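Notes follow once the structure below has been shown.
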Amino acid sequence: MTDVSPSQGGPGSGKGTQCEKLVEKYGFTHLSTGELLRQELALESERSKLIRDIMERGDLVPSGVVLELLKEAMVASLANTKGFLIEGYPREVKQGQEFGRRIRDPHLVVCMDCSADTMTNRLLQRNQSSQRGEDTAKTIAKRLEAYHRASIPVIAYYETKTQLQKVNAEGTPDQVFLQLCRAIESVF
Ligand code: AP5
Ligand code: MG
């Protein structure tokens, strides 16, 4: 089984868009920690009380909560998966270390390189048509800041541990997708 993690890409770099296309082509099981957290919020569970404020501020949810949700989702699909495509995780070195210890290191980590201006414009545009409560100018700035702070150490961590590939995420969805397919096929 293969694990691919397009984790390194800021908010709006196109992680979700590309994961959908990759699932269609390769049949991976796509898990997004952001989506898992939003599903948890909708349940109004005990866990959701803890995470709502954090997400609305654009901060990172505590790593133990995220890993618990991710592990539950992976276990639920384990019997019928061709491999996992994990979006938006790990976002800090601590998450990567915990994942490696409790599950395993991913076979490939993909980093979606995109400028802050492009990411901000895409999210502001999405905000006009979607229900993603965290897509406000203030939260976008906070998420970008959190991403830039954490991404360099995470990339450095994986550079020595596993295959790490960078793609230019500024182009059209099809241009970015071609680069991702090349990255995946160079490894598997
Ligand atoms: P999450 O849901 O993961 O959000 P994010 O990382 O901020 O990124 P997005 O999902 O908004 O963007 P994306 O890169 O997937 O881009 P998309 O394809 O949607 O996380 C939300 C929050 O949850 C975090 O802030 C944090 O609080 C918490 N969280 C999540 N994971 C966590 C973790 N591991 N640890 C702790 N906390 C965690 O595209 C965006 C828009 O751009 C769309 O409208 C799309 O149509 C458009 N677009 C995409 N690609 C292109 C393109 N090539 N050209 C033009 N437009 C494009
Ligand atoms: Mg996403």
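Order of listing sets the numbers, starting from 1, for every ligand and every atom in it. Keep in mind that the numbers below use all heavy atoms, side chains included, and drop hydrogens, waters and symmetry copies. These numbers come from a predicted model, not from an experiment.
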Suppose I only count heavy atoms of Gly10 and a 4.0 Å limit; which atoms of ligand 1 are within that range?
14 (O)
Going by the 4.0 angstrom heavy-atom rule, the piece of Asp135 near ligand 1 is neither
Atom CZ of Arg132: over 12 foreign heavy atoms under 6.0 Å:
yes
Measure from the ring center of Phe84 to the ring center of Phe28 and say whether it is less than 6.0 Å.
no
For ligand 1, indicate whether the residue Leu60 contacts it via side chain, backbone, both or neither (heavy-atom separation under 4.0 Å).
both
Under-4.0 Å heavy-atom contact with ligand 1, by part of Gln125 that carries it
neither
Can you tell me which portion of Gln18 lies within the under-4.0 Å heavy-atom range of ligand 1? Options are side chain, backbone, both, or neither.
neither
Honestly, for Leu37 the part within reach of ligand 1 (heavy atoms, under 4.0 Å) is side chain
Hey, is Arg132 touching ligand 1 through its side chain, its backbone, both or neither, going by heavy atoms under 4.0 Å?
side chain
Listed as residue and atom, the protein N/O/S atoms under 2.8 Å from the Mg ion (ligand 2) are Glu87 OE2
Backbone, side chain, both or neither: what part of Arg143 comes under 4.0 angstrom of ligand 1, heavy atoms only?
side chain
In terms of its nearest heavy atom to atom 2 (O) of ligand 1, the top option of Arg38, Glu35, Gln175 is Arg38
If you take the nearest heavy atom of each of Arg91, Arg122, Met55, Lys142, which one is closest to atom 20 (O) of ligand 1?
Arg91
Single hit among Gln18, Lys15, His30 for side chain to side chain donor-acceptor pair (under 3.5 Å) with Glu87:
His30
